[in-house]
Amino acid sequence: MTPDGALRPVPFRGGGFAPRRLRFAAPLAFLAVLALWQAATSLGWIGPLALPRPGEVVAALVDMAASGELWRHLAASLQRFAVGWALGAALGVAVGFAIGLSSLARSAALPLVSALFPIPKIALLPLFIIWFGIGEASKYATIAFGVFAPMAIAAFGGVDGVDRGLIRMAQSFGVPARDIVAKIVLPGAAPALLSGARISASIGIILLTAAEMIGAQHGVGALVLAAGNLMQTDRLIAGVLLLSALGLAIAALIGLAERRLLRWR
Amino acid sequence: MDLVVEGVCQRYGALDVLRDVDLRIASGEIVVVLGPSGCGKSTLLRILGGLERPASGRVLLAGAPPPGCLNPLTYVFQDFALAPWRSAAGNVALPLEHLPMSAAERAERVGEALMRVNLAEFADAWPRQLSGGMKQRAAIARALVVSPAILLMDEPLSALDAQTRELLLDDLLRLWRETRFTAVYVTHNLAEAVRLGHRVVVLSRRPGQVRDIVVIDTPLDERRDGHPALIEASARLWSLIRDEAAIADRELVDDA
């Protein structure tokens, strides 16, 4: 016990739980991984068959870029992703809005979507190949189908989350239902749609790679598989890096869309 | 234009919310609906403006809306109901966008409405940037922009702090002097009731019934805090709602 009247400071108990972004940390982390990789491969901790040196991967990338092979693979993958994702997202948003806005659609379509959601879509690729042939259409269908369900569920959740007070407000001013959907429901659901886009884009990349591994001449997935079959680990790692870059680029695009569309938040 | 309420009852399942409400709101008059929480005030207001269907009874409009009126029954909501993705001006423009009107005319109306609530310089601000008082003033501008015949105000000041409430009350009185609007003003606040109401309709606890109607003759312009007539009206209203407010305070809340 301190004697009465003795002054002591109130102990500080706040602070913390507020991580900030340190500018130098990210490049350092990349450099550290690269250095470790370089050390492990050049010091012989890891054999050249298991993992190529960073320099070899870069050389493989440069080679493929020079021969035009890289762009062929990338173009094929990008096109499949763009078409498949756009088809699936458009359909998913349409169905999600229907579920969010109509009792009939909610009762009929929501259980269907929920049942489709857990199917690993790549299991349907053989079926789609039978339906649409071994060409592009079966790959579009697989990606679109995989994108559809998470997009529909995100859209439905977004529509459900729109402030009913705003809808009543618009009704009280006699705003027609179509305008309410366009001006209240759509922007209100936009944050959910964009986070749905993020999730469905990563699902789309997984399906893209898998579909290209199963049956494609070109595409990053085909590149990775062919390199693996020939034990060309430099090209294999190069392909994996391309997939990472593709994913990051798509995430950056969605981030840009978020910053532009959700400025009001 | 007058608003006539005839025998309105409302039930939610087994719950009686409103019973036999009869009321006539005359043009240019502010009718305050006062009652303890959960007495069905907001339900009554939603029924008055056609946002909810009564179980029985009806709400009628008498006479034509004034010329130029774009939305005769216009609400001002307690939570402002501003779309967060629209600027102040965008929110005020919303009720005009589906009407046949040139962009120039719309912009002019929006500018004028914002001017009347002293928000002209904040036209481009997002709602999140506005203070509570400014948000409600934007919402009032949105109500004024359609030249309403009757304003239906659902506790418009309840979400604001005491000082802001006082300022907005003055704004409302000034607007009434300028336009002599007709209003049904729902509140549980005695001070607002005696400052704004030509008549104060006291609703009883659930099921809400008209318990009494207190007429306050003092012109709105002469109403100041501490005015003897207001103190008297206030005391009378308090004696009418006091016991029910006490009972309402001891109830479990489970209504909308």
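So you know, we letter chains A, B, ... as the sequences are listed, proteins then strands, and number each from 1.
Distance check: A:Leu166 CG to B:Asn91 CG gives 8.5 Å after rounding to the nearest 0.5 Å. Here the CD1 atom belonging to A:Ile180 is positioned 9.0 Å from the NE2 atom belonging to B:His98, to the nearest 0.5 angstrom. We find the CZ-CE distance between B:Phe80 and A:Met169 to be 13.5 Å, quoted to the nearest 0.5 Å.
Side-chain atoms of B:Trp85 come within 3.5 Å of backbone atoms of A:Lys183 as a donor-acceptor pair (strictly under, hydrogens ignored).
Contacts between B:Gln129 and chain A at a heavy-atom distance below 4.5 Å are absent for every atom of the residue. Contacts of B:Leu70 with chain A are absent, with no heavy-atom separation under 4.5 Å from either backbone or side chain. Residue contact with chain B, scored on non-hydrogen atoms closer than 4.5 Å, involves the backbone and the side chain of A:Arg263 alike. For B:Leu96, no part sits under 4.5 Å from any heavy atom of chain A, backbone or side chain.
Shown here is B:Arg58, whose CZ atom has no more than 12 heavy atoms of other residues, nucleotides or ligands within 6.0 Å. By the neighbour-count criterion of 12 heavy atoms within 6.0 Å, atom CZ of B:Arg128 is densely surrounded, having more than that number from other residues, nucleotides or ligands. Dense packing is recorded around CD of B:Glu97, with more than 12 heavy atoms of other residues, nucleotides or ligands lying under 6.0 Å away. Atom CZ of A:Arg164 is surrounded by more than 12 heavy atoms from other residues, nucleotides or ligands within 6.0 Å.
The minimum heavy-atom distance between A:Gly165 and B:Ala81, with the atom names listed, is O-CB, 4.3 Å. Residues B:Leu94 and A:Val175 come closest through the heavy atom pair O-CG2, 4.4 Å. A:Trp264 and B:Pro84 get closest at one heavy-atom pair: CB-O, 3.1 Å.
Using a 4.5 Å cut-off on side-chain heavy atoms (C-beta onward), A:Phe173 and B:Arg142 make contact.
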